[in-house]
Amino acid sequence: MSPSIAPPRLTIPISAKAHDVARKFASEQIDAHKGKRVYLNTLAVWAVHRYLKWLYIESDLKRSNSWNAVLRALFDVADLVLPDLGRLECRPVLPGEKTIALPLQSSPDRIGYVPVQFGKQLNEVELLGFASVAEVTEQQEVLTLGTLRSLDTLLEHLSELEAAAKAPQSLQLPQSVSPVHLSDWLKRNFEAGWQAVEELFGERSPSFAFRRAAIQRVKRIELEKPKEKTTATTEIQEPPTALALVVTISPETENQFGIHLQVYSSGEPAELPPHLQLKVLTAAGEVFREVTAGATDTFLQYEFTAQLAEEFQVELAWQDIHVTESFVV
């Protein structure tokens with residue numbers, strides 16, 4: 001099917017509340033130019049959110065990068081999360097512009113693009129149409145507005161994604177433990193069991209040096225051996241080995257993040273158990289990297305980069321004990 005020559009447009013009024021939010025986000029920026037960009041991005045995302053709300057299509061502003069103070073300050077983000085479906089790019093279009101610049105960073109859950117036309121007055125905007133990610137090449141830097149499809153195409157595309165998401169669960173591998181959502185840490189949303197390093201270590205807190213936007217949490221993990229029988233009626237329970245898994249996430253681009261893993265003893269002695277292994281596993285359970293403690297090592301660490309929505313596992317293995325934590329960026 002060829003693109004529509006002149007796809008129908010839809011006018012969305014912009015409320016005073018939306019302007020209040022946009023002003024707040026803009027005031028947090030380092031200069032007026034960045035503030036203006038954030039202001040327009042915020043209104044564009046809000047307009048698409050309101051359009052979908054009219055159609056009873058769920059969207060989540062708070063989970064969007066454009067509503068994340070850290071990512072908003074570092075990058076040009078104008079995305080809107082549609083739970084279980086992906087992200088829509090809601091890109092502002094100023095009077096006279098015939099193209100929009102596309103985000104340089106790829107995103108595995110990006111659905112497509114909805115250009116939002118602004119006029120001289122900011123009391124309303126026009127949704128110009130839709131382009132899916134399949135219609136944009138990886139090397140493409142701009143999207144020509146004349147190639148857009150109608151908004152009806154967006155609704156059809158969302159219906160297809162929703163049908164795929166509701167495919168029989170028997171085709172999916174079961175997941176016994178809910179993963180830790182690391183990108184949510186940038187919004188100060190932490191899962192139970194993950195605490196500030198100072199809360200666990202107190203005055204013994206290790207010294208860390210990371211960029212300002214990095215977020216770091218720690219979880220206490222106990223490696224407990226099974227009870228051993230010495231006689232028919234006597235069992236001996238060795239005390240568990242207490243460890244601390246420290247995870248740091250720092251944004252590198254809009255959709256790429258640095259992940260830093262560290263393991264310390266959270267009790268006495270300060271040295272780690274000899275031959276303790278820190279393993280990074282892929283979502284499929286394959287070993288991506290393995291680090292082993294020596295006789296006098298006081299910590300293990302490994303650093304890598306991961307894409308938004310990428311899944312991985314961290315396993316601590318010692319003797320016949322294995323503890324695994326699952327993560328999604």
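What you are looking at is a predicted structure, and each value in this text was computed from that prediction instead of being measured. One-based numbering along the sequence shown.
Judged purely by atom type and a 3.5 angstrom limit, Lys219 has no side-chain atom pairing as donor or acceptor with the backbone of Ala244. A donor-acceptor pair under 3.5 Å is formed between the side chain of Gln140 and the backbone N or O of Thr137. With hydrogens and angles ignored, the 3.5 Å screen pairs a side-chain donor or acceptor of Asp79 with a backbone N or O of Ser66.
The aromatic rings of Tyr302 and Phe304 sit parallel, their planes meeting at an angle under 30°, below the 60° perpendicular limit. Ring geometry, His157 versus Phe130: the interplanar angle falls from 30° to 60°, so the pair is classed tilted. Classification of the His19-Tyr39 ring pair by plane angle, with boundaries at 30° and 60°, yields tilted.
Here the rule is side-chain hydrogen bond (donor to acceptor under 3.5 Å, both in side chains) with Asp20, and of Lys24, Lys17, Arg23 only Arg23 fits it. Shown are Val81, Val77, Val21; of these, the side chain to side chain contact (heavy atoms under 4.5 Å, CB included) with Trp67 is made only by Val21.
Under a 4.0 Å N-O distance rule, the pair Glu28/Arg72 qualifies as a salt bridge. Salt bridge annotation for Glu222-Arg220: present, with a cationic side-chain nitrogen under 4.0 angstrom from a carboxylate oxygen.
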With side chain to side chain contact (heavy atoms under 4.5 Å, CB included) as the criterion, how do Leu128 and Tyr113 come out once you've worked through the C-alpha distance, each side chain's angles and the decisive distance to 0.1 Å?
CA-CA 10 Å; Leu128 301 183; Tyr113 308 85; over 6 Å; no

Might you work through the salt bridge (charged side-chain N to carboxylate O under 4.0 Å, His left out) test for Asp31 and Arg37, ending with a clear yes or no?
CA-CA 10 Å; Asp31 56 45; Arg37 169 54 59 178; over 6 Å; no

Report the C-alpha separation of Gln277 and Val291 in whole Å, then their side-chain angles, then the decisive distance to 0.1 Å, and conclude whether the side chain to side chain contact (heavy atoms under 4.5 Å, CB included) test is met.
CA-CA 6 Å; Gln277 293 179 318; Val291 185; over 6 Å; no

Please lay out, stage by stage, how Val287 and Val280 fare under the test side chain to side chain contact (heavy atoms under 4.5 Å, CB included).
CA-CA 6 Å; Val287 177; Val280 180; over 6 Å; no

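Annotation: the span from Glu254 atom CD to Asn65 atom CG amounts to 5.5 Å, rounded to 0.5 Å.
In plain terms, the two heavy atoms of Leu276 and Val263 that are nearest each other are CD2-CG1, 4.1 Å. The nearest pair of heavy atoms linking Val197 to Val218 is CA-CG1, 3.7 Å. Here the closest non-hydrogen pair linking Cys90 and Ala44 is O-CB, 3.5 Å. For the pair Thr282 and Phe288, the tightest heavy-atom approach, listed with the atom from each and the gap, is CG2-CB, 4.3 Å. Counting all heavy atoms, side chain and backbone alike, Ala131 lies closest to Leu143 at CB-CD2, 3.8 Å.
A 6.0 Å sphere centred on CD of Glu141 holds no more than 12 heavy atoms belonging to other residues, nucleotides or ligands. Residue His322 qualifies as enclosed at atom NE2: its count of foreign heavy atoms under 6.0 Å is above 12. Within 6.0 Å of the CD atom in Gln121, the count of heavy atoms belonging to other residues, nucleotides or ligands does not exceed 12. The local environment of CG in Asp84 is sparse, with at most 12 non-hydrogen atoms from other residues, nucleotides or ligands closer than 6.0 Å.
Residues Leu158 and Ile57 have side chains in contact (heavy-atom distance under 4.5 Å, counting atoms from C-beta outward). Side chains of Val246 and Gln216 form a contact here, defined as non-hydrogen atoms less than 4.5 Å apart. For the pair Val180/Val328, no side-chain contact is recorded, criterion being any heavy-atom separation below 4.5 Å from C-beta on. Between Gln313 and Pro179 there is no side-chain heavy-atom pair separated by less than 4.5 Å.
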